[in-house]
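Following: one structure in structure tokens, then a few remarks.
Only this structure's heavy atoms are used, side chains among them; waters, hydrogens and symmetry mates stay out.
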Amino acid sequence: MEENFLTSARQLFGYYRELGKKTLDQVPDEQLFWTPGSEGNSLAVIVKHLHGNMLSRWTDFLESDGEKEWRERDDEFVGDLDSRAEVERLYAEGWDCVEKALKGLEGKHVSQLVYIRNQGHTVMEAVQRQLGHYAYHIGQMVLLGKLLVGDNWTSLSIPRGESKTFNAQKFSQEASRKHFTEDN
């Protein structure tokens, strides 16, 4: 079960990484920095926050607290990025850190305790916590992307009005056991 959990988690993190990347790819450069009001975050700020969180949580994942002393969380919400290249670099660097840490995990680690802000979590709980956190922010990114791109948005899932066709294609295949991300 532990190896299945880790395999599934790796696939889900990869899925959310790709959703965010496909969102960033569709948004024009200048729109990456648009903020929807004083309490909102631009795509660039969301990426900056994800980057900070990912480096903090996943660096030395099994050995040190996930809230690193060097992390400046409040600064992650300052909109000071100014280029697509910088946004994409931070996005890739954050996700690369996550994937490297996940790759190093084995089934024997799943019940091991790790800490986030001095609060103990099993590895399984910590992975689920971060998966939920990242899915939350990727969802924000997708919504912002859809709003910014408007009618030029290319669906990242089943396009509107195509559910019946999609389902017919799925049900025309022999039933099998595989992760839903294997079709993307």
Side-chain angles (χ1 to χ4, degrees), residues 1-26 43 46-68 71 73 76 88-143 145-146 154-159 162-184:
M1 179 175 134
E2 291 87 358
E3 286 299 331
N4 286 342
F5 169 76
L6 292 172
T7 298
S8 180
R10 289 179 188 112
Q11 289 172 306
L12 285 169
F13 279 109
Y15 172 75
Y16 286 112
R17 178 181 186 161
E18 193 62 23
L19 284 181
K21 182 181 180 329
K22 287 179 178 179
T23 296
L24 293 174
D25 289 347
Q26 291 190 57
L43 286 165
I46 295 170
V47 166
K48 188 177 171 189
H49 168 60
L50 284 169
H51 173 263
N53 178 278
M54 290 169 167
L55 293 185
S56 184
R57 294 293 186 267
W58 297 97
T59 300
D60 300 323
F61 176 68
L62 295 173
E63 291 86 35
S64 65
D65 194 284
E67 187 66 17
K68 304 296 187 281
R71 183 179 183 202
R73 185 181 180 281
E76 294 167 13
E88 290 177 348
R89 180 185 64 77
L90 292 180
Y91 194 77
E93 186 177 274
W95 280 109
D96 289 348
C97 183
V98 173
E99 290 175 0
K100 180 181 177 189
L102 286 170
K103 187 176 183 180
L105 295 177
E106 300 174 13
K108 67 182 181 182
H109 296 122
V110 170
S111 297
Q112 181 178 331
L113 276 185
V114 295
Y115 292 86
I116 301 172
R117 296 188 182 104
N118 220 23
Q119 182 179 37
H121 300 65
T122 63
V123 165
M124 182 181 287
E125 292 167 336
V127 167
Q128 289 174 319
R129 175 178 172 163
Q130 294 315 115
L131 185 58
H133 184 213
Y134 302 155
Y136 169 81
H137 286 304
I138 296 300
Q140 291 175 328
M141 289 175 64
V142 171
L143 177 61
K146 288 172 95 168
T154 300
S155 177
L156 303 178
S157 62
I158 304 167
E162 295 185 28
S163 295
K164 287 183 181 180
T165 302
F166 181 85
N167 285 341
Q169 189 271 331
K170 289 293 183 187
F171 285 112
S172 73
Q173 299 171 4
E174 188 173 323
S176 65
R177 167 81 172 105
K178 62 181 179 179
H179 200 271
F180 80 96
T181 61
E182 293 176 30
D183 287 339
N184 295 332

Under the side-chain contact (heavy atoms from CB on, under 4.5 Å) test, which residues partner [X], sequence neighbours left out?
X      : value
Thr165 : none
Asn167 : Phe171
Lys178 : Ser176, Glu182, Asp183

Closest non-hydrogen atom pair, [X] against [Y]:
X      : Y      : value
Met54  : Cys97  : O-SG, 3.9 Å
Gly66  : Ser56  : O-OG, 2.6 Å
Ile116 : Ala126 : CD1-CB, 4.4 Å
Met141 : Tyr91  : CE-CE1, 4.1 Å
Phe61  : Val123 : CE2-CG1, 3.9 Å
Leu6   : Gly107 : CD1-N, 3.7 Å

When rounded to the nearest 0.5 angstrom, what distance separates [atom1] in [X] from [atom2] in [Y]?
X      : Y      : atom1 : atom2 : value
Lys22  : Leu156 : NZ    : CG    : 6.5 Å
Tyr134 : Ile46  : OH    : CD1   : 14.5 Å
Thr122 : Gln128 : OG1   : CD    : 7.5 Å
Glu18  : Phe13  : CD    : CZ    : 16.0 Å
Leu43  : Leu143 : CG    : CG    : 10.0 Å
Leu24  : Leu19  : CG    : CG    : 11.0 Å

Quick check: do [X] and [Y] have side-chain heavy atoms less than 4.5 Å from each other?
X      : Y      : value
Leu62  : Val114 : yes
Ile138 : Thr23  : no
Gln173 : Gln169 : yes
Leu102 : Trp58  : yes

Full working for side chain to side chain contact (heavy atoms under 4.5 Å, CB included) between His179 and Leu12: CA-CA 9 Å; His179 200 271; Leu12 285 169; 4.0 Å; yes

For [X], salt bridge (Lys or Arg N to Asp or Glu O under 4.0 Å) partners two or more places apart:
X      : value
Asp65  : none
Glu162 : none
Glu93  : Arg89

Taken in chain and number order and not counting sequence neighbours, the residues that satisfy ring-ring contact (aromatic ring centres under 6.0 Å, His included) with Tyr16 are none

With His133 via ring-ring contact (aromatic ring centres under 6.0 Å, His included) - residues at least two apart: His49, His137

Taking only residues two or more places apart in sequence or in another chain, which ones pass side-chain hydrogen bond (donor to acceptor under 3.5 Å, both in side chains) with Thr59? none

Quick one: side-chain hydrogen bond (donor to acceptor under 3.5 Å, both in side chains) partners of Lys146, sequence neighbours excluded? none

Verify the distance criterion only: is there a donor paired with an acceptor across the side chains of Asn53 and Glu76 at less than 3.5 Å? no

With a cut-off of 6.0 Å (strictly less than), are more than 12 heavy atoms of other residues, nucleotides or ligands near NZ of Lys170? yes

Where at least one partner belongs to residues 96-114, residue pairs that pass side chain to side chain donor-acceptor pair (under 3.5 Å), sequence neighbours excluded: Arg17-Asp96, Arg17-Glu99

Counting N and O atoms only, with roles assigned by atom type, does the side chain of Thr7 sit under 3.5 Å from a partner on the main chain of Asn4, one being a donor and the other an acceptor? no

Does any pair with a residue in residues 47-57 pass salt bridge (charged side-chain N to carboxylate O under 4.0 Å, His left out), and if so which ones, sequence neighbours excluded? Lys48-Asp80, Arg57-Glu67

